[in-house]
Every structure is written in structure tokens, then in C-alpha cells.
*Asks:* 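Quick one: the structure is below, questions incoming.
All of these numbers come straight from a predicted model, not from anything done at the bench. The figures here come from the full heavy-atom set of this structure, side chains too, leaving out hydrogens, waters and symmetry mates.
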Amino acid sequence: MAITLDEAVDMTRTGDVWVFRGRSAADRAIQAMTNSPVNHVGMAIVLDDLPPLMWHAELGRSLQDMWTGTHQRGAQLHDLRDAVVTWHDKYKQRAWLRQLDHLVTREMEDAALKTVARLDGTPFPSTARLASRWLRGRLPLRHKADATLESAFCAEIVAVTYAEMGLLPHRRPNWYDPGRFWSGDDLELLGGAKLGEEIAVTV
């Protein structure tokens, strides 16, 4: 199934997940390292009369961050349509939409916004640090995980936000990678929440 970007933007709601797959060397490295068919993930935030937004983390600073009004690297809140077009045109990425099958309450929206306020601008980790933190995320720890992120990968941003919304258990953010948000993996959402199958988006 494939839909146009206009259709996807019109139907997306808060909590929906957007996943991306590219073919560059960096994209393939992320896919190989995480054993995943995708290399980037973002979460939709759709509030009242505002245009749909995408909450994610990236190295680039092509688009204006809607939270700060600046151009920055790291965790960013973008106009969703602009973000998808940028990832398609500039980064040569294919896009898919996965819709969240769960009622998103005002409290959950507030939790998402509080997470944006706390994490917006958090730096994106270097490639070496990204690899090491992903590997450490697979190892059992005896102590409680630190909830503070000094840097954040895209999947960690989405996972922390989902946890604050009550959709995921609180665990180490570096346990998550983009592939966790692909249908081939078991994300273990809470409260009966489910993510639908991937819908290909034609840009």
C-alpha cells in the first residue's frame, strides 16, 4: 500500500511513527549495526490548529527547529511535511508511516511537549559513540539506568517520548534503535497500544 505525502500528512496524528531507509554508506552502516531495514525514525506531534510536526534527532540543521526558532543539530521539532521532503530529497530516503492505534489524551500530549521542552537541542552522538552506546544498551546492568541524555540518537528520542506518554516502559534509552519501530520487531507497547503496518509514502 502506498499513499501520497499529502494524504499521509492529513492522516497522521500524535504518536504516529515515521521510519526512513536510505542507501548511503552511513545509512547502510546504521542498518547493519542495528540489524534493521531502516536507519531513521521520528514521531508525529499534531496539536490543534498547528501544522503536523515531526520530533526526531539528526546531524543536519537544514530546517528551522519549531521549538527554538533556530537551526540546530540534534533533537529537533520540525514541520513534518518539510522534514519528510528534506529526508527524501536531500538524504535520498524512502519514508513509511506507522499509525498508533491508541487514544492519545491531552495528558499524553502534554507529556510529549514536556519531553520536547526537556530534550530539544540534545546533541546527536558521534558515530563511534553511537556504536558504543547501542552495544551497551544490549548488556544487562545492575544499577538503575540514568534517565538523563547528554546526547541522543533518533530512536532514543522517540522511545523516551513514548515512555513519558505511558506507551513504553521506562528503560535505558540506548536499548532502542530505528529497527525497534519497524513491524518486524516486538516493541512491547503498553495499555493495549499498537502500531499499524508500514504505509509507504510517495514524496
Side-chain angles (χ1 to χ4, degrees), residues 1-47 50-60 62-64 66 75-104 108-109 112 116 124 130 134 152-162 165 167-168 175-189 192-203:
M1 177 182 179
I3 60 176
T4 67
L5 178 56
D6 286 342
E7 292 172 323
V9 170
D10 185 61
M11 67 191 291
T12 196
R13 297 292 179 265
T14 296
D16 289 354
V17 168
W18 287 73
V19 288
F20 298 83
R21 178 167 65 209
R23 288 188 272 182
S24 72
D27 296 332
R28 291 186 182 278
I30 293 173
Q31 293 163 22
M33 183 179 66
T34 61
N35 191 30
S36 165
V38 294
N39 50 268
H40 186 68
V41 61
M43 187 192 100
I45 296 181
V46 186
L47 303 171
L50 292 175
L53 304 171
M54 181 179 290
W55 173 229
H56 60 155
E58 62 162 293
L59 279 169
S62 300
L63 298 174
Q64 183 183 53
M66 304 300 285
Q76 304 178 51
L77 186 65
H78 289 152
D79 178 279
L80 187 143
R81 179 190 297 275
D82 290 346
V84 176
V85 169
T86 296
W87 276 79
H88 178 270
D89 292 353
K90 183 175 181 179
Y91 304 135
K92 309 304 179 186
Q93 306 272 328
R94 295 178 61 193
W96 288 266
L97 168 66
R98 296 191 70 192
Q99 293 195 283
L100 176 66
D101 183 8
H102 192 278
L103 174 66
V104 175
M108 293 170 72
E109 290 179 342
V116 171
F124 195 93
L130 170 60
W134 183 85
F153 187 42
C154 60
E156 296 172 343
I157 288 292
V158 175
V160 168
T161 307
Y162 257 41
M165 294 171 69
L167 294 170
L168 277 177
W175 186 81
Y176 295 96
D177 58 60
R180 295 286 182 187
F181 294 91
W182 185 258
S183 61
D185 210 323
D186 182 10
L187 194 56
E188 300 179 355
L189 295 180
K194 296 179 181 179
L195 283 169
E197 294 295 315
E198 289 82 6
I199 302 172
V201 178
T202 302
V203 180

*Asks:* Run the side-chain contact (heavy atoms from CB on, under 4.5 Å) check on Asp79 and Leu63 step by step: do they pass?
*Replies:* CA-CA 8 Å; Asp79 178 279; Leu63 298 174; over 6 Å; no
*Asks:* Verify, without hydrogens or angle tests, whether Asp185 (side chain) and Leu187 (backbone) share a donor-acceptor contact under 3.5 angstrom.
*Replies:*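 Absent.
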*Asks:* Within the structure provided, determine whether Thr4 and Val201 are in side-chain contact (heavy-atom separation under 4.5 Å).
*Replies:*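 No; the side chains remain at least 4.5 Å from each other.
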*Asks:* Are the side chain of Asp16 and the backbone of Leu97 linked by a donor-acceptor contact shorter than 3.5 Å?
*Replies:*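 No, Asp16 side chain to Leu97 backbone: no donor-acceptor pair under 3.5 Å.
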*Asks:* Any side-chain heavy atom of Leu5 sitting closer than 4.5 Å to one from Thr202?
*Replies:*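 They are not in side-chain contact.
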*Asks:* Does His102 have any side chain to side chain contact (heavy atoms under 4.5 Å, CB included) partners at least two apart in sequence or in another chain, and if so, which?
*Replies:*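 Per chain and number, His102 pairs via side chain to side chain contact (heavy atoms under 4.5 Å, CB included) with Leu100, Met108, Leu167, Ala193.
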*Asks:* Measuring only between side-chain heavy atoms, which start at C-beta, is Phe20 closer than 4.5 Å to Pro178?
*Replies:*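 Answer no - side chains too far apart.
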*Asks:* Show the nearest heavy-atom pair for residues Asp89 and Lys92, with the distance to one decimal.
*Replies:*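 Where Asp89 meets Lys92 most closely, the heavy atoms are O-NZ, 3.0 Å.
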*Asks:* Which atom pair, heavy atoms only, marks the closest approach of Val84 to Ala95?
*Replies:*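 Nearest pair, atom of Val84 first, then Ala95: CG1-CB, 4.2 Å.
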*Asks:* Between Gln93, His56, Arg21, which is the residue that forms a side-chain hydrogen bond (donor to acceptor under 3.5 Å, both in side chains) with His40?
*Replies:*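 For His40, the side-chain hydrogen bond (donor to acceptor under 3.5 Å, both in side chains) check succeeds only for His56.
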*Asks:* Give me the atom names and distance for the closest heavy-atom approach of Thr12 to Ala44.
*Replies:*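 What the structure gives for the nearest pair is OG1-CB, 3.4 Å.
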*Asks:* Given side chains that start at C-beta, do those of Arg94 and Trp96 come closer than 4.5 Å, heavy atoms only?
*Replies:*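 Touching, per the 4.5 Å side-chain cut-off.
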*Asks:* Run the side-chain hydrogen bond (donor to acceptor under 3.5 Å, both in side chains) test against Asp6 and tell me which residues pass, sequence neighbours left out.
*Replies:*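 Partners of Asp6 under the side-chain hydrogen bond (donor to acceptor under 3.5 Å, both in side chains) test: Arg81.
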*Asks:* Taking the side chain as every heavy atom from C-beta outward, state whether Arg13 and Val104 have any atom pair closer than 4.5 Å.
*Replies:*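 Contact flag for Arg13/Val104 side chains = no.
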*Asks:* Please find the pair of heavy atoms, one from Ala75 and one from Ile157, that lie closest to each other, and give the distance.
*Replies:*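 Minimum heavy-atom separation between Ala75 and Ile157: CB-CD1, 3.7 Å.
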*Asks:* Return yes if some donor-acceptor pair links the side-chain N/O of Thr14 with the main-chain N/O of Val46 below 3.5 Å, else return no.
*Replies:*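 Side chain of Thr14 to backbone of Val46: a pair is present.
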*Asks:* Is the charged tip of Arg180 near the ring of Trp175: under 6.0 Å from the six-membered ring centre and within 45° of its axis?
*Replies:*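 Geometry flag: set, cation within 6.0 Å and 45°.
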*Asks:* What verdict does the side-chain contact (heavy atoms from CB on, under 4.5 Å) test give for Leu53 and His78, after you've listed the backbone C-alpha separation in whole Å, the side-chain angles of each residue and the deciding distance to 0.1 Å?
*Replies:* CA-CA 5 Å; Leu53 304 171; His78 289 152; over 6 Å; no
*Asks:* Using the side-chain hydrogen bond (donor to acceptor under 3.5 Å, both in side chains) criterion, which residues pair with Gln64? Sequence neighbours excluded.
*Replies:*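 Residues passing side-chain hydrogen bond (donor to acceptor under 3.5 Å, both in side chains) with Gln64: none at all.
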*Asks:* Strictly distance-based, threshold 3.5 Å: is any side-chain N or O of Thr86 a donor or acceptor partner for the main-chain N or O of Asp82?
*Replies:*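 Checking the backbone N and O of Asp82 against the side chain of Thr86, a donor-acceptor pair under 3.5 Å is found.
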*Asks:* Using side-chain contact (heavy atoms from CB on, under 4.5 Å), reason through Leu189 and Tyr162 one step at a time and then give a plain yes or no.
*Replies:* CA-CA 9 Å; Leu189 295 180; Tyr162 257 41; 3.8 Å; yes
*Asks:* Between Gln99 and Glu197, is there a donor-acceptor pair closer than 3.5 Å when you use the side chain of the first and the backbone of the second?
*Replies:*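 No, the answer is negative, given that no donor and acceptor are paired below the 3.5 Å cut-off.
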*Asks:* Which class fits the ring pair Phe181 and Tyr176: parallel under 30°, tilted 30 to 60°, perpendicular over 60°?
*Replies:*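 Geometry flag for Tyr176 against Phe181: tilted rings.
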*Asks:* If only atom types and distance count, is the side chain of Glu198 paired as donor or acceptor with the main-chain N or O of Trp182 below 3.5 Å?
*Replies:*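 Looks like no, no N/O pair under 3.5 Å.
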*Asks:* Hey, mind stepping through Trp18 and Met43 against side-chain contact (heavy atoms from CB on, under 4.5 Å) and telling me if it holds?
*Replies:* CA-CA 6 Å; Trp18 287 73; Met43 187 192 100; over 6 Å; no
*Asks:* Could you check whether the rings of Trp87 and Tyr91 sit parallel, tilted or perpendicular, using 30° and 60° as the cut-offs?
*Replies:*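 Ring orientation, 0 to 90° scale: perpendicular.
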*Asks:* Could you check if a side-chain atom of Met54 sits within less than 4.5 angstrom of a side-chain atom of Leu77, using non-hydrogen atoms only?
*Replies:*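 No; the side chains remain at least 4.5 Å from each other.
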*Asks:* For a 4.5 angstrom cut-off between non-hydrogen side-chain atoms, does Arg98 reach Ser183?
*Replies:*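 Yes, their side chains come closer than 4.5 Å.
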